[in-house]
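Questions regarding the structure given below will be posed in turn.
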Amino acid sequence: MTGKEGYDVLRLIEHGQTCYISSEYVEGSILAGGLKSRPKVTKEQLFSLMREIVNQLSMIHKCRKKPYYQYVNPYSIVVTDEDKPYFLDLEAGSNEKRLRFMQRRVVRECFLPKEEAYYQRGSAKLDIYGMGRTIQYLLDAAVLMPPLSRREERRFLKIISKCLNDQSNSAYQSAADIRRNIPQYKKKTEHNPVLRRRLLLSAGAAVILGGAWKVQETGGLYGADTEELSDMTQKHIFQEDTWQEREAQEDLSQKNGEDLEEFGFQSEILMRGSGEAYMELALAYILDLEDYEKSLYYLDKIQEYAMAVNLREVAEALMGKEKEPEVLEESLRYLEEKGQEDSTGQYDRCLMKGYSLLDTKDAAEAILRLGRRCLDKTDDGEETKEIHKYLALAYERTGEFNEAAQLYEEMLDLETDAARREEMYGRLVTLYENSGHNDRAVEICVQGIGELDNAEKLKITHMRLLCQDAAIGRDLCAQTIQEYLAQSPELLENEGFQEIMREYEIQVEGEQVWVGQ
């Protein structure tokens with residue numbers, strides 16, 4: 001690979017749940033420079049490289065002394081001739097020039113969020129943000145052979161959005177979650193040879209992720225004869241206004257190929273028609289970012305279409321705007337009928353969200369119908385978990401508690417986020433309690449409390465289940481409450497615990513606890 005040099009990099013040694021770091025010397029190329037000199041790569045190579053880079057970051061996050069890297073970008077990663085990536089050892093004196101380069105404003109603005117002007121502090125969240133930008137860079141800089149499929153484009157759009165939007169409920173909490181979502185490449189016949197590698201940076205990702213951009217260098221990262229760092233050209237660095245945002249002032253129909261080429265885009269989505277493009281953007285905002293106001297912004301641009309009018313009814317209901325159930329149901333039925341030919345499952349997922357607002361048997365049956373159909377259209381782990389969640393809700397509403405419980409237990413096997421795991425444990429407890437299986441409900445409570453840190457809600461639920469069972473001795477109830485208060489003294493201020501105290505005449509004096517009849 002052109003530009004091969006020697007670098008001091010991090011050598012990561014994993015030991016259980018901890019990782020130890022040392023330094024080693026390898027020969028290779030800086031990721032950004034290597035892609036510039038050899039942009040043509042296979043999907044299999046790129047996907048494998050992405051997974052390994054994310055895996056390296058995940059290992060760094062397991063380190064005790066410094067559980068973050070701080071400078072995650074394509075200029076801090078070295079790739080050997082064997083396609084093995086390493087993060088630069090930024091404490092090594094040999095990498096001082098590279099560190100100064102990454103501290104330049106032109107680089108910071110590319111790989112840090114706007115509110116973080118400098119690399120003054122490090123955190124896992126900022127590393128995840130940098131990884132999202134790095135993946136976005138790779139997809140733009142690499143010429144993939146064969147090009148991304150539509151499904152892969154949507155997958156990466158979601159990955160990047162979950163990296164960059166840390167305030168979203170679906171934002172990644174760990175680098176390991178990113179790795180699990182990077183697709184595995186499976187060879188198949190490609191019927192369309194047109195390169196679609198910039199779709200993420202045009203109509204979809206550029207709007208959702210807040211900026212379309214392309215990083216370029218003049219003369220490579222390092223000069224041919226010197227060790228001096230060269231400047232990155234400003235032309236394509238994080239355009240503040242994407243063509244989608246500028247469309248607020250200009251009609252989309254006035255834009256032509258030259259306008260788009262100015263920003264380095266080749267917009268396939270535009271070729272499919274502005275109406276379809278706006279519908280896709282609106283659906284993306286509803287499904288992936290839950291930004292319903294932004295979805296309305298794009299739906300308003302095509303309000304002459306019945307699909308857009310009915311989708312607006314759903315988006316407004318999801319925002320919390322009061323709707324007549326009959327009106328919402330009519331819109332959902334219309335969208336279901338018109339969206340039957342959608343092979344992506346986007347309409348089905350959107351409809352499930354809408355039907356979940358209606359507490360009727362017909363709505364529950366619609367969710368079951370859509371969910372089963374939607375599972376056949378996706379192989380995305382996150383989408384599958386979302387579909388299972390709505391299916392479980394529908395089973396609850398139809399009284400099929402065993403089916404709902406089975407789905408929640410399957411979801412627990414896939415979920416890694418602690419808060420969502422606690423929520424699922426809580427749903428399981430409620431299901432078993434409602435179906436008369438109180439012993440199983442108590443078992444699930446104890447299992448969740450033993451697995452999760454704090455788990456206040458589960459502890460309160462466990463105390464309630466014990467106190468309300470007349471067959472359980474009051475001494476055992478008091479002992480359990482005493483143990484939980486010793487572990488989490490803040491439970492005394494919890495409104496849920498105070499309600500239990502009043503209902504079951506619980507008294508607490510110091511470390512002593514008494515439970516009434």
Side-chain angles (χ1 to χ4, degrees), residues 1-15 18-38 41 45-104 107-108 110-112 119 122-124 126-135 137-138 141-142 163 174-176 178-179 182 215 217 220-224 226-230 232:
M1 182 182 289
T2 305
K4 184 172 71 173
E5 297 183 31
Y7 300 93
D8 288 310
V9 298
L10 297 180
R11 182 168 178 254
L12 303 167
I13 304 168
E14 210 167 9
H15 182 71
T18 306
C19 186
Y20 300 95
I21 292 181
S22 63
S23 186
E24 69 176 308
Y25 180 86
V26 300
E27 288 190 347
S29 303
I30 295 294
L31 177 59
L35 273 176
K36 182 183 177 183
S37 64
R38 196 188 70 183
V41 296
Q45 288 175 317
L46 188 65
F47 293 179
S48 177
L49 180 64
M50 285 180 179
R51 280 194 299 274
E52 187 54 37
I53 292 172
V54 176
N55 185 55
Q56 292 278 304
L57 182 62
S58 178
M59 291 170 70
I60 290 173
H61 288 176
K62 292 182 179 181
C63 296
R64 290 180 178 177
K65 289 186 177 180
K66 186 182 175 184
Y68 52 84
Y69 184 71
Q70 196 167 356
Y71 291 86
V72 178
N73 59 63
Y75 302 93
S76 66
I77 299 167
V78 175
V79 182
T80 67
D81 283 346
E82 294 76 31
D83 290 332
K84 172 72 175 177
Y86 294 90
F87 280 95
L88 287 171
D89 181 357
L90 299 179
E91 294 183 1
S94 60
N95 290 325
E96 184 178 350
K97 288 184 179 180
R98 292 146 183 90
L99 181 60
R100 288 205 303 268
F101 173 80
M102 289 185 285
Q103 290 171 338
R104 291 182 180 183
V107 180
R108 296 197 317 266
C110 291
F111 299 100
L112 282 177
Y119 283 107
S123 69
L126 288 179
D127 281 357
I128 288 172
Y129 181 95
M131 184 55 64
R133 286 298 192 196
T134 300
I135 292 173
Y137 175 94
L138 290 172
C163 287
S174 71
I178 305 174
R179 188 179 188 279
I182 294 174
V215 178
E217 309 150 82
L221 184 56
Y222 305 105
T226 71
E227 281 291 313
E228 292 298 320
L229 294 171
S230 61
M232 296 166 62

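Bear in mind that the values here come from a model prediction, so they are computed numbers and not experimental data.
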* Hey, does L138 have a side-chain heavy atom less than 4.5 Å from the side chain of L31? ->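 The answer is yes; the side chains approach within 4.5 Å.
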* Would you mind reporting whether P85 and L49 have side-chain heavy atoms less than 4.5 Å apart? =>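 Answer yes - side chains close enough.
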* To do: Measure the shortest side-chain to side-chain distance between I178 and M50 over non-hydrogen atoms and say whether it is less than 4.5 angstrom.
  =>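 Contact flag for I178/M50 side chains = no.
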* Asked: Between Y137 and R133, does any side-chain donor sit less than 3.5 Å from a side-chain acceptor?
  ->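 Per modelled atom types, Y137 and R133 side chains form no pair under 3.5 Å.
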* Can you name the closest pair of heavy atoms from M131 and V72 and give their distance? ->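 M131 and V72 have their closest heavy atoms at N-CG1, 3.6 Å.
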* Asked: So which heavy atom on C19 is nearest to which on C63, and how close?
  ->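 Result for this residue pair: O-SG, 3.4 Å.
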* I77 CD1 to I53 CD1 distance, which is reported to the nearest 0.5 Å ->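 Atom-to-atom, I77:CD1 and I53:CD1 are 4.0 Å apart.
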* Is there a donor-acceptor contact under 3.5 Å from the side chain of S58 to the main chain of V54? ->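 The answer is no, because no donor-acceptor pair under 3.5 Å joins these two groups.
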* To do: Check the pair Q103, V107 against side-chain contact (heavy atoms from CB on, under 4.5 Å), reporting the backbone distance first and the verdict last.
  => CA-CA 7 Å; Q103 290 171 338; V107 180; over 6 Å; no
* Closest approach of T80 to E27 (non-hydrogen atoms, all atoms of both residues) ->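 So the two residues come closest at CG2-O, 3.5 Å.
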* Under 30°, 30 to 60°, or over 60°: which ring-plane class applies to Y75 and F111, parallel, tilted or perpendicular? ->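 Rings of Y75 and F111: perpendicular, over 60°.
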* Test ring pair (Phe, Tyr, Trp, His ring centres under 6.0 Å) applied to F47 - qualifying residues, sequence neighbours left out ->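 Counting only residues at least two positions away or on another chain, F47 forms a ring pair (Phe, Tyr, Trp, His ring centres under 6.0 Å) with F156.
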* Taking every non-hydrogen atom, the tightest pair across S29 and G34 ->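 Closest heavy-atom pair between S29 and G34: CB-CA, 4.4 Å.
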* Asked: Is it true that a side-chain atom of N95 and a backbone atom of D89 form a donor plus acceptor pair closer than 3.5 Å?
  ->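 The answer is yes, because a donor-acceptor pair under 3.5 Å joins these two groups.
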* To do: Would you check if Y7 and I30 make a side-chain contact, meaning some heavy-atom pair closer than 4.5 Å?
  =>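 Yes. Closest side-chain heavy atoms under 4.5 Å.
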* Partners passing side-chain hydrogen bond (donor to acceptor under 3.5 Å, both in side chains) against S94 (at least two apart in sequence or in another chain) ->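 With neighbours one apart ignored, the set is D8.
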* Asked: Taking C-beta and beyond as the side chain, do T134 and P74 meet within less than 4.5 Å on heavy atoms?
  ->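 When only atoms from C-beta onward are counted, P74 and T134 do touch, with a gap below 4.5 Å.
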* Could you tell me whether a side-chain N or O of Y69 sits under 3.5 Å from a main-chain N or O of L88, the two making a donor and an acceptor? =>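 Side chain of Y69 to backbone of L88, a donor-acceptor pair under 3.5 Å: yes, one is there.
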* Of all residues at least two apart in sequence or in a different chain, which pass the side-chain hydrogen bond (donor to acceptor under 3.5 Å, both in side chains) check with K84? ->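 Only E52 meet the side-chain hydrogen bond (donor to acceptor under 3.5 Å, both in side chains) criterion with K84.
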* For L35 against A142, the heavy-atom pair lying closest together ->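 Between these two residues, the closest heavy atoms are CD2-CB, 4.1 Å.
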* To do: Report yes if the side chains of L90 and Q70 come closer than 4.5 Å at any heavy-atom pair, otherwise no.
  =>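 Heavy-atom side-chain distance check fails, nothing below 4.5 Å.
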* CG on L57 to CZ on F87, rounded to 0.5 Å ->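 With rounding to 0.5 Å, CZ (F87) is 5.0 Å from CG (L57).
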* Listed partners of R179 passing side-chain hydrogen bond (donor to acceptor under 3.5 Å, both in side chains), at least two apart ->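 If we apply the side-chain hydrogen bond (donor to acceptor under 3.5 Å, both in side chains) test to R179, skipping adjacent residues, there are no hits.
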* Go through R98 and E5 one step at a time and tell me if the salt bridge (charged side-chain N to carboxylate O under 4.0 Å, His left out) criterion holds. => CA-CA 13 Å; R98 292 146 183 90; E5 297 183 31; 3.7 Å; yes
* To do: Enter the distance from L112:CG to M102:CE here, rounded to the nearest 0.5 Å.
  =>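 Separation between the atoms: 11.5 Å.
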* Quick one: pull up NZ in K62 and OG in S174 and give me the separation to the nearest 0.5 Å. =>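 Reported value, rounded in 0.5 Å steps: 9.5 Å.
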* Residue list, ring pair (Phe, Tyr, Trp, His ring centres under 6.0 Å) with Y71, at least two apart or on another chain ->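 By the ring pair (Phe, Tyr, Trp, His ring centres under 6.0 Å) rule, Y71 matches Y119.
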* Would you please name every residue forming a side-chain hydrogen bond (donor to acceptor under 3.5 Å, both in side chains) with D127, sequence neighbours left out? =>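 Scan of D127 (side-chain hydrogen bond (donor to acceptor under 3.5 Å, both in side chains), adjacent residues dropped) gives H61.
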* To do: Output yes when a side-chain donor or acceptor of S76 lies under 3.5 Å from a complementary backbone atom of N73, and no otherwise.
  =>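 Side chain of S76 to backbone of N73, a donor-acceptor pair under 3.5 Å: yes, one is there.
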